[in-house]
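A quick write-up on the structure given underneath.
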2 protein chains.
Amino acid sequence: MRYREPMNSDIPSVWARPKKGRDQPALSREQIVGEAIKLLDTEGLDALSMRNLGKRLDAGATSLYRHVANKDELIELAIDEVHGEIEVPSPDTTEWRAGVVSCAHSSLAMINNHPWVASVLGQIGLSYLGPNVMRMSDGMLALFEKGGFSLAESDLALRAVQAFVIGSGVGVAAWQTSLARSGLSDEQWAERIQPIVMAAVAPYPRLTASIEAAAANTPEVMFDHGLNAVLDGLVANRH
Amino acid sequence: MRYREPMNSDIPSVWARPKKGRDQPALSREQIVGEAIKLLDTEGLDALSMRNLGKRLDAGATSLYRHVANKDELIELAIDEVHGEIEVPSPDTTEWRAGVVSCAHSSLAMINNHPWVASVLGQIGLSYLGPNVMRMSDGMLALFEKGGFSLAESDLALRAVQAFVIGSGVGVAAWQTSLARSGLSDEQWAERIQPIVMAAVAPYPRLTASIEAAAANTPEVMFDHGLNAVLDGLVANRH
DNA sequence: GCAGTGTGCGTACAGTGTGCGCATCGACGG
DNA sequence: CCGTCGATGCGCACACTGTACGCACACTGC
């Protein structure tokens, strides 16, 4: 339980003491993780410090350690928590391929909402052990098996799709961080770096031409094209 | 230029002064980036601090800022530098698909040698603007065009393959960081976490079965299977 | 009423990125 | 040969980080 009015004998009157406990619920692991996610979403990875997070919860930095072993574990918990947002359709109600596509879209949407996930996946070991990640993997596996993939093939298919989704996610994360640091709007930032990109590719006429040829492709189109290719290829290699 | 024997009037004799300048070449951007990469490779991302890096170069931490704007820029330079290790075959001497496969392998090998790359790609904005990354992208583009892909299709294909490779790279990075933190050997660590994984998947019989069915697959097999699927799918969608 | 346990937090320590200003170098112009 | 100048190295300082430690308090069970 959180103290509503901690004793502080320096201040003579009880009523004069600052109240820290603003009628919020007591500190709990769920609340800490939830607020950490909010902080990460709104202010980015760099802004997540224990003191900062403590302030948002009207708590001291070191209080958080009663509920979380260390910062890395907190991030691991946050990663798993946001994986809970991913919707994976049941193979009973959805055709397998539509289900996989829908789940992949849901995954990318999650990374779009929480771009910090993609940038910490590599530095936090073994995050795929979290219960929500497990639930998602199991759900996709069910879809592949419904699709006629063998056990071993399903495992390979799952890994291929996840690799593609995460790779795409790293791309959106890179864009989002650069965007956030610029402080500009999406369009403004795109307009600003467009000439920089063109200057960087200038020595490579082939690259320049291909970028111009594909300029109309939105990120969604590119993601769907890649995802379709992966699934087509997996189907082609299914026995 | 670096001073071999900086003045220090507190120490009376010239000969008693500590010599800092150990006959190493003077500080330069290339040398700093090179040593940073060595440090990242051997001690990991957390160990890269300006003071730490300065020590290795027999230089003060703040001296580095004469050659590099800030730590993020240093990492950006390091990212591009290691991309120089990726070999991309010429379409003149290599069949397009073999070339793409070879380049993908080379990319994954690079990430294996420098796992920190995969974990910072998301937090460092726009790293694909570096000259070495550009060179590699242009090289792969040439292969795809040789393979009969149109300009726009080549761009999509390139992005799909890169997403898959990076996603796979994040996976190996996650493994490598957890491995490095454990301090154990590869086999020891694998053996240690095996029961943990089995316990985590226990509630999901399907997941358990598929992991067991695919237990014999090495990471290389999994990567190749995914890569083949991606390429097969891209070919199938080529017009 | 009292011991035990769980929880919050003030303090402290070692370490971080980096701005500032000074010291010193090599090069160049007289 | 001397003076000036720009480039470079670096000590210091500041605000900030993760987190170990120990004390103070509230709640629980007797």
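Naming: A, B, ... by sequence-line order, numbering from 1 per chain. Just so we're clear, the structure is a prediction, and the values are computed from it rather than from any experiment.
Evaluated for a side-chain contact (heavy atoms from CB on, under 4.5 Å) with A/Met136, the options A/Met110, A/Gln162, A/Glu87 yield exactly one hit, A/Gln162.
Considering only residues two or more places apart in sequence or on other chains, B/His114 meets the side-chain hydrogen bond (donor to acceptor under 3.5 Å, both in side chains) condition with B/Asp41, B/Glu85. Legend: residues meeting side-chain hydrogen bond (donor to acceptor under 3.5 Å, both in side chains) with B/Thr218, ordered by chain and number and at least two apart, are B/Glu220. Annotation: side-chain hydrogen bond (donor to acceptor under 3.5 Å, both in side chains) contacts of A/Arg29 (sequence neighbours excluded): A/Glu73.
Shown for residues 44-54 of chain B: residues whose heavy atoms fall under 4.0 angstrom of DNA chain D, namely B/Arg51. Within a heavy-atom distance below 4.0 Å of DNA chain D, the residues of residues 62-77 of chain B found are B/Thr62, B/Ser63, B/Arg66, B/His67.
From A/Asn132, atom CG reaches atom CG of A/Asp80 across 4.5 Å, with rounding to the nearest 0.5 Å.
A salt bridge does not link B/Glu35 to B/Lys55: none of the charged side-chain nitrogens sits closer than 4.0 Å to a carboxylate oxygen.
Sorted by first then second residue, the salt bridge (charged side-chain N to carboxylate O under 4.0 Å, His left out) pairs that include residues 190-208 of chain B, not counting sequence neighbours, are A/Asp138-B/Arg206.
Taking atom CD on A/Glu43 and atom C1' on D/dC16, their separation rounds to 15 Å, with Å as the unit.
Using a 4.5 Å heavy-atom threshold, the side chains of B/Leu74 and B/Met50 count as touching.
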